[in-house]
Amino acid sequence: MLARMLIRTATAEDWPAIWAFLRRIVAAGETYTYPRDLDEDRARDLWMPEPPSRTAVATDADGTVLGSAKMNPNHMGPAAHIAGASFMVAPEHGGRGVGRALGEHVLEWARAEGYKAMQFNAVVESNTRAVALWRSLGFEVIGTVPKAFDHPTKGYVGLHIMHRFL
């Protein structure tokens with residue numbers, strides 16, 4: 001666990017640090033449904049959306065970006081009261097509480113913005129650390145799309161849909 005971590009709104013100046021780990025995570029093809037050859041411009045558009053969405057970064061005491069989360073309405077219109085979110089932690093900073101801190105932050109943000117629930121549309125079933133983290137933060141698997149994700153070493157695995165009321 002980090003002694004001091006700050007979570008704040010991401011700025012354009014944070015993008016190079018986010019891109020440095022986002023491209024590695026996406027290229028590995030183990031946890032995200034993004035194309036493995038995702039280019040930087042498309043990645044920035046996906047990860048740094050306009051309001052009412054928001055992107056945050058977690059930094060250490062020196063300002064190093066440790067991870068990032070993006071928060072957004074998961075649906076439109078009469079279902080816009082359901083939030084969604086995505087998370088990435090730089091692999092070299094994993095296991096230090098960054099994901100949990102970002103998860104707690106996103107839940108607080110969603111409550112403050114008036115959302116009634118949060119839904120994750122695609123948590124890779126074999127990403128057991130993420131599944132365990134989200135369960136510990138009150139999420140439940142409400143369904144699994146079988147063999148929906150082509151994992152580079154495990155073959156086809158399920159994609160969990162996870163949900164929790166706020």
Side-chain angles (χ1 to χ4, degrees), residues 2 4-77 79-124 127 129-131 133-134 137 139 148-150 152 159-164 166:
L2 292 166
R4 183 171 159 255
M5 184 183 335
L6 171 68
I7 298 177
R8 60 172 173 75
T9 299
T11 66
E13 290 76 30
D14 294 315
W15 176 249
I18 295 168
W19 176 237
F21 58 81
L22 186 147
R23 73 172 172 228
R24 287 184 287 146
I25 292 168
V26 170
E30 297 178 348
T31 56
Y32 268 82
T33 60
Y34 296 157
R36 291 183 192 169
D37 62 352
L38 184 67
D39 68 58
E40 185 174 3
D41 289 338
R42 180 71 177 125
R44 186 183 307 107
D45 289 345
L46 289 167
W47 202 260
M48 304 284 281
E50 296 295 321
S53 300
R54 179 175 172 257
T55 302
V57 290
T59 64
D60 67 10
D62 297 326
T64 300
V65 175
L66 310 170
S68 182
K70 70 169 186 156
M71 302 143 263
N72 49 273
N74 198 20
H75 303 287
M76 297 183 291
H81 60 283
I82 307 297
S86 298
F87 305 83
M88 286 195 192
V89 175
E92 62 273 18
H93 298 295
R96 299 170 61 194
V98 177
R100 177 172 297 281
L102 285 166
E104 290 170 351
H105 177 81
V106 165
L107 289 168
E108 290 172 18
W109 170 83
R111 277 187 210 98
E113 291 295 311
Y115 289 97
K116 305 298 182 206
M118 183 168 284
Q119 176 182 319
F120 300 151
N121 299 325
V123 181
V124 178
N127 189 355
R129 285 180 65 187
V131 172
L133 172 59
W134 305 139
L137 291 175
F139 287 84
F149 186 86
D150 188 4
L159 283 176
H160 292 319
I161 301 165
M162 300 187 78
H163 175 273
R164 72 158 285 174
L166 300 173

In terms of side-chain geometry, is the basic nitrogen of Arg96 or Asp60 positioned less than 4.0 Å from the acidic oxygen of its partner?
no

Gap separating the CG atom of Leu22 from the CH2 atom of Trp47, nearest 0.5 angstrom
6.0 Å

Using side chain to side chain contact (heavy atoms under 4.5 Å, CB included), reason through Asn121 and Thr33 one step at a time and then give a plain yes or no.
CA-CA 10 Å; Asn121 299 325; Thr33 60; over 6 Å; no

Would you find a donor on one side and an acceptor on the other, under 3.5 Å apart, between the side chain of Asp62 and the backbone of Thr64?
no

Which is it for His93 and Phe21 under the side chain to side chain contact (heavy atoms under 4.5 Å, CB included) test, yes or no, and what are the steps along the way?
CA-CA 10 Å; His93 298 295; Phe21 58 81; over 6 Å; no

Pairwise distance CG(Asn72) to CG(Leu46) - rounded to 0.5 angstrom
10.5 Å

Taking everything shown except Arg42 itself, do over 12 heavy atoms lie less than 6.0 Å from its CZ?
no

Any chance you could measure Phe87, atom CZ, to Tyr32, atom OH, to the nearest 0.5 Å?
8.0 Å

Other residues, nucleotides and ligands only: do more than 12 of their heavy atoms fall within 6.0 Å of CZ on Arg24?
yes

Once you round to the nearest 0.5 Å, how far does CZ of Arg100 lie from CD of Glu104?
6.0 Å

More than 12 heavy atoms from other groups under 6.0 Å of CD on Glu50
no

Between NZ on residue Lys70 and OG on residue Ser68, distance to nearest 0.5 Å:
10.0 Å

Can you name the closest pair of heavy atoms from Ala101 and Ile7 and give their distance?
O-CD1, 3.4 Å

For the residue pair Arg164 and Leu137, what are the closest heavy atoms and their distance?
NH1-O, 2.6 Å

Heavy atoms only: give me the nearest Trp134-Met162 pair and the separation to one decimal.
CB-CE, 3.8 Å

Here the pair of heavy atoms bringing Leu107 nearest to Met118 is CD2-SD, 4.1 Å

Taking all non-hydrogen atoms of both residues, which atom of Met71 and which atom of Ala56 are closest, and how far apart?
CE-CB, 3.7 Å

Check whether Thr59 reaches the backbone of Val65 with its side chain - one donor and one acceptor, N or O, closer than 3.5 Å.
no

Is the Trp109 ring parallel, tilted or perpendicular to the Tyr115 ring (thresholds 30°, 60°)?
tilted

Taking C-beta and beyond as the side chain, do Leu38 and Arg23 meet within less than 4.5 Å on heavy atoms?
no

Side-chain donor or acceptor of Thr55 paired with backbone N/O of Ala10 under 3.5 Å:
no

Indicate the atoms forming the closest heavy-atom contact of Val106 with Ala85, along with that distance.
CG1-CB, 3.6 Å

Rounded to the nearest 0.5 Å, what's the gap from CZ on Phe139 to NE2 on His160? Could you check?
14.0 Å

Pair Glu113, Arg54 - check side chain to side chain contact (heavy atoms under 4.5 Å, CB included), show working.
CA-CA 11 Å; Glu113 291 295 311; Arg54 179 175 172 257; over 6 Å; no

Let me see the working for Glu30 and Val124 under side chain to side chain contact (heavy atoms under 4.5 Å, CB included), right down to the final yes or no.
CA-CA 8 Å; Glu30 297 178 348; Val124 178; over 6 Å; no

